[in-house]
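Throughout, protein chains are lettered first and strands after them, A, B, ... in sequence-line order, and every chain is numbered starting at 1.
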Number of protein chains: 2
Amino acid sequence: MSNPRQLYPLVFADVALFSVVDDRLHVLLVRRAEAPHAGQWALPGGILKPDVDKDLHGTAQRVLRGKLAVDVPYLEEVCTASGPHRDERGWSISVLYLALLPMDQVHVAVGNKIDALKWVDPFAADAPLAFDHSELLRKAMDRLRAKVERHALPLHMLPQKFTLSQLQRICEIVLGRDLDKSVFRRRLKELHAQNLVEVNGEMVRGVQRPAQLWRAADGFKFIG
Amino acid sequence: MSNPRQLYPLVFADVALFSVVDDRLHVLLVRRAEAPHAGQWALPGGILKPDVDKDLHGTAQRVLRGKLAVDVPYLEEVCTASGPHRDERGWSISVLYLALLPMDQVHVAVGNKIDALKWVDPFAADAPLAFDHSELLRKAMDRLRAKVERHALPLHMLPQKFTLSQLQRICEIVLGRDLDKSVFRRRLKELHAQNLVEVNGEMVRGVQRPAQLWRAADGFKFIG
DNA sequence: TCAATAGTGTCTCTTAGACAATATTGA
DNA sequence: TCAATATTGTCTAAGAGACACTATTGA
């Protein structure tokens with residue numbers, strides 16, 4: 001009992017940060033620079049610092065600030081994982097967070113201590129991640145899909161201004177299936193009239209009919 | 001930094017244990033015997049013991065075993081609460097669990113260290129609970145209602161054998177609104193044919209037509 | 001027979017999916 | 001005009017809610 005790791009568990013915040021790259025859903029991974037699992041890829045995470053963090057949400061925010069040059073606009077707790085053997089350093093708890101990043105902010109600066117970052121397709125996982133992070137990633141994916149399936153709008157993955165076609169495409173990418181354009185827009189009007197604001201006078205132009213631009217309403221929450 | 005409470009947070013598992021008493025939803029509270037908040041009512045909870053618990057789920061189970069003479073048949077993680085000020089003893093994390101107890105097992109033995117237990121209507125909360133437990137209770141309630149609203153069946157609150165009318169009554173009590181008998185049973189046949197098993201030859205008798213008894217199918221999960 | 005609850009049937013209205021039709025641009 | 005995408009309309013089938021109806025018991 002002299003080892004404080006047996007009296008107090010290690011507490012981590014791990015984050016599954018999603019965005020869209022090349023029309024496919026991607027999640028951010030970091031290559032671990034230090035043991036345990038040095039060289040393996042993992043979800044970005046870090047240990048709770050009681051002298052620094054206001055709460056575990058703050059731990060997750062601090063971890064992401066250390067890795068990316070941006071503040072993520074959405075962060076939500078998913079679940080915890082705990083036990084004596086999931087981390088070689090001792091009895092540990094990981095609180096898993098789901099985060100979203102706008103697709104136009106995917107190219108971000110790399111922080112200091114990190115060996116490497118990469119965005120990968122969570123469906124095409126080639127190698128298992130460090131610790132139990134493959135399982136955690138699956139749970140975060142399930143949560144994200146369930147929310148979009150329940151008609152929650154992942155507006156935080158879009159640029160500030162977007163078209164309804166872009167929004168539909170994002171939902172299709174997350175869900176992994178095509179949606180009917182008419183049904184999708186009908187539901188937007190029914191359920192999200194107060195969450196979407198028309199941006200007047202600015203259209204997306206191309207070799208086709210210009211599309212209306214929209215933005216998320218003030219105080220929009222990714223709920224569902 | 002010499003105080004280990006600033007290096008390592010206190011980690012608790014707190015449980016909102018629900019059942020039905022007198023045709024109303026109730027939650028189990030304990031009166032705190034020791035400081036902080038001695039004498040105040042709180043959700044049953046306890047500190048993680050890394051040398052004893054296999055994981056946080058195990059902590060919650062151990063806490064309930066210490067208070068009740070039964071093993072609860074359902075236990076699910078809801079969320080966490082964390083920060084430096086929510087517990088006077090230091091930076092702390094509570095992992096909140098939602099648990100269900102069959103209504104015929106509400107009268108259970110009281111454990112050793114507990115000053116008192118009581119079942120209360122979570123809607124008719126007279127006084128705020130200790131710590132942030134009023135907020136935690138609200139979140140557990142929200143989770144329970146959301147699941148039943150999504151047609152998850154809270155079979156773990158019923159006796160082993162039950163009638164469909166009893167099942168409907170439980171759902172109505174949780175949701176706080178009446179359900180249509182025909183719609184309810186139609187949905188049971190559509191969605192829960194594999195979750196419900198007819199118990200043949202045993203009817204509930206009274207001054208009315210006898211009702212068919214059912215039980216949860218083997219391996220039933222309260223999902224949704 | 002009647003009260004009381006169990007269990008089923010039916011009608012209507014709403015919603016979801018499929019798919020067609022129209023609109024507007026640049027080349 | 002044509003290709004390409006935006007936006008809207010319509011038909012149909014499935015599902016939900018309301019409510020009535022039948023069934024079976026003990027008193």
Side-chain angles (χ1 to χ4, degrees), chain A residues 20 23 103 145-153 155 158-159 161-193 195-215 224, chain B residues 20 23 103 145-153 155 158-159 161-193 195-215 224:
Chain A
V20 167
D23 236 32
M103 50 196 295
R145 280 196 159 173
K147 287 166 75 84
V148 175
E149 198 75 62
R150 280 180 241 136
H151 307 140
L153 299 182
L155 299 187
L158 287 166
K161 296 175 181 178
F162 52 86
T163 69
L164 297 189
S165 294
Q166 284 179 304
L167 174 53
Q168 179 177 345
R169 190 81 195 100
I170 287 278
C171 292
E172 289 174 333
I173 288 169
V174 169
L175 296 178
R177 63 185 173 89
D178 286 350
L179 301 173
D180 184 274
K181 185 168 45 174
S182 175
V183 173
F184 185 77
R185 290 175 183 225
R186 185 201 293 154
R187 201 154 42 216
L188 287 185
K189 281 176 188 154
E190 285 168 358
L191 301 178
H192 295 285
N195 288 328
L196 294 172
V197 177
E198 224 165 317
V199 181
N200 286 313
E202 305 194 43
M203 306 285 179
V204 169
R205 301 190 155 265
V207 194
Q208 72 269 358
R209 173 171 175 176
Q212 176 67 52
L213 279 176
W214 299 74
R215 67 169 176 85
Chain B
V20 167
D23 236 31
M103 52 197 293
R145 279 195 161 175
K147 288 167 74 86
V148 175
E149 198 75 62
R150 281 179 241 136
H151 308 140
L153 300 181
L155 299 187
L158 287 166
K161 296 174 181 178
F162 52 86
T163 70
L164 297 190
S165 293
Q166 284 179 303
L167 173 54
Q168 179 177 345
R169 190 81 196 100
I170 288 277
C171 291
E172 289 173 334
I173 289 168
V174 170
L175 296 178
R177 63 184 173 89
D178 285 351
L179 301 173
D180 183 274
K181 182 169 50 172
S182 176
V183 173
F184 185 78
R185 290 174 185 227
R186 185 201 295 156
R187 202 154 42 216
L188 287 184
K189 281 175 188 156
E190 286 166 0
L191 301 178
H192 293 286
N195 289 329
L196 295 172
V197 177
E198 224 164 317
V199 181
N200 284 315
E202 306 195 42
M203 306 284 180
V204 169
R205 302 192 155 267
V207 193
Q208 72 271 358
R209 174 172 174 176
Q212 177 66 51
L213 279 175
W214 299 73
R215 66 169 176 85

Original post:
Can you give the first and last nucleotides of DNA chain C, 5' to 3', that have an atom under 4.0 Å from a heavy atom of chain A?
Top reply: C/dA16 to C/dG26

**OP:** Flag the pair A/R215 / A/P159 as yes when at least one side-chain heavy-atom distance between them is below 4.5 Å, and no otherwise.
**Re:** no

**OP:** Provide, to the nearest angstrom, the distance between the CD atom belonging to B/E149 and the C1' atom belonging to D/dA16.
**Re:** 13 Å

Subject >> Closest-nucleotide ordering on DNA chain C, the 5'-leading residue of A/H151 and B/Q212 >> reply: B/Q212

Original post:
Can you tell me how far C1' of D/dT10 sits from CG of A/D180, to the nearest Å?
Top reply: 12 Å

**OP:** State, yes or no, whether a side-chain contact exists between A/E172 and A/I170 at a heavy-atom distance under 4.5 Å.
**Re:** no

Original post:
Can you find a donor-acceptor N/O pair under 3.5 angstrom joining the side chain of B/R187 to the base of D/dA16?
Top reply: no

Original post:
Between atom CZ in B/R209 and atom P in D/dC21, what is the gap in whole Å?
Top reply: 17 Å

Subject >> Whole angstrom value for the distance that separates P of D/dA20 from CZ of B/R185 >> reply: 18 Å

**OP:** In whole angstrom, give the distance that lies between atom CZ of B/R186 and atom P of D/dC19.
**Re:** 14 Å

Subject >> Step-by-step side chain to side chain contact (heavy atoms under 4.5 Å, CB included) determination, B/W214 to B/N195 >> reply: CA-CA 10 Å; B/W214 299 73; B/N195 289 329; over 6 Å; no

Original post:
Please give, in whole Å, the distance from D/dG9 P to A/K181 NZ?
Top reply: 14 Å

**OP:** Find the distance B/F184:CZ to D/dG15:C1' and express it as a whole number of Å.
**Re:** 17 Å

Subject >> Residue pair A/K161 / A/Q166: nearest heavy atoms and the distance that separates them >> reply: O-OE1, 4.4 Å

